[in-house]
Amino acid sequence: GAVVSQHPSWVICKSGTSVKIECRSLDFQATTMFWYRQFPKQSLMLMATSNEGSKATYEQGVEKDKFLINHASLTLSTLTVTSAHPEDSSFYICSAPTRTDLYQETQYFGPGTRLLVL
Amino acid sequence: GNSVTQMEGPVTLSEEAFLTINCTYTATGYPSLFWYVQYPGEGLQLLLKATKADDKGSNKGFEATYRKETTSFHLEKGSVQVSDSAVYFCALSDPADSSYKLIFGSGTRLLVRP
């Protein structure tokens with residue numbers, strides 16, 4: 001199946017610093033990627049849709065200036081958490097859809113990035 | 001709007017027991033339905049899917065049938081193993097939504113004891 005990677009897998013940073021997380025589709029091109037946030041023992045919350053060549057679309061309540069998204073190429077999207085604070089500590093997961101048959105696209109997920117802000 | 005409701009966990013079973021995790025959905029159109037599994041410390045993996053009514057998705061001994069009449073997509077496995085311990089997410093996507101967003105249920109944690 002299709003493979004989506006994320007880097008880094010975990011990161012610890014000091015409060016006030018910025019952290020960049022990369023999401024790559026390894027064996028397919030993705031004009032769209034999705035960024036999710038998952039709190040412990042909770043479901044995934046869609047943060048934004050990353051669009052190659054255009055601005056990201058953010059879900060209601062997600063701060064655009066806080067979570068900067070750049071879809072640099074057809075295989076790479078980055079999420080930058082700016083001026084991180086302890087409440088930003090979470091598990092961040094990206095996904096990318098790819099067509100698996102004539103009528104259907106299936107989303108494949110990255111392994112996630114665990115962010116801890118001290 | 002579209003939504004997914006899953007049974008609350010955790011579900012604790014002994015090895016070789018029968019598993020059912022209930023999932024129902026609300027959708028205005030004809031959604032595609034998915035089960036994803038998340039093992040401890042990992043991201044989500046697609047377990048199985050169904051794209052139209054009466055379709056049965058299956059993988060690794062797990063099955064789920066798309067029931068339009070009851071708007072359900074319950075996950076079943078005849079004999080669970082310790083390695084099946086994970087969190088299971090039911091999800092839907094609306095083909096009418098060109099962004100292919102997934103709407104997730106709250107997740108059900110499964111713990112299988114030896």
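Throughout, protein chains are lettered first and strands after them, A, B, ... in sequence-line order, and every chain is numbered starting at 1.
Counting heavy atoms of neighbouring residues, nucleotides and ligands inside a 6.0 Å radius, atom CD of B:Glu8 does not exceed 12 of them. A 6.0 Å sphere centred on NZ of B:Lys68 holds no more than 12 heavy atoms belonging to other residues, nucleotides or ligands. Within a 6.0 Å sphere centred on OH of B:Tyr39, heavy atoms belonging to other residues, nucleotides or ligands number more than 12. Applying the 6.0 Å contact sphere to CD of B:Glu69 captures more than 12 heavy atoms from other residues, nucleotides or ligands.
Linking ILVMFWY side-chain heavy atoms closer than 4.5 Å, directly or via other members, places B:Leu47 and B:Met7 in a single hydrophobic cluster. Note on A:Leu46 and B:Tyr36: same hydrophobic cluster, where clusters join Ile, Leu, Val, Met, Phe, Trp and Tyr whose side-chain heavy atoms are under 4.5 Å apart, directly or indirectly. A:Met45 and B:Val87 fall into different hydrophobic clusters, where Ile, Leu, Val, Met, Phe, Trp and Tyr side chains are chained together by heavy-atom contacts under 4.5 Å. Cluster annotation: B:Val11 and B:Leu75 are assigned to the same hydrophobic cluster (Ile/Leu/Val/Met/Phe/Trp/Tyr, side-chain heavy-atom contacts under 4.5 Å, transitive). When hydrophobic clusters are built by joining Ile, Leu, Val, Met, Phe, Trp and Tyr residues whose side-chain heavy atoms come closer than 4.5 Å, directly or via intermediates, B:Phe34 is grouped together with B:Leu44.
A:Phe34 and B:Lys101 get closest at one heavy-atom pair: CE2-CG, 3.8 Å.
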Practice problem: Test side chain to side chain contact (heavy atoms under 4.5 Å, CB included) on B:Leu102 and A:Phe109 and set out the steps. | Solution: CA-CA 11 Å; B:Leu102 280 172; A:Phe109 285 78; 3.8 Å; yes
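Contacts between B:Leu46 and chain A at a heavy-atom distance below 4.5 Å involve the side chain alone, from C-beta outward. Contacts of A:Gln38 with chain B are made by side-chain atoms alone, with heavy-atom separations under 4.5 Å and no backbone atom involved.
Proximity to chain B at a heavy-atom threshold of 4.5 Å picks out A:Phe91, A:Ile93 from residues 69-94 of chain A, in numerical order. Taking 4.5 Å as the heavy-atom cut-off, the residues of residues 103-114 of chain B that approach chain A are B:Phe104, B:Gly105, B:Ser106, B:Arg109, ordered by number.
With rounding to the nearest 0.5 angstrom, the OG atom of A:Ser43 is 9.0 Å from the CD atom of B:Gln38.
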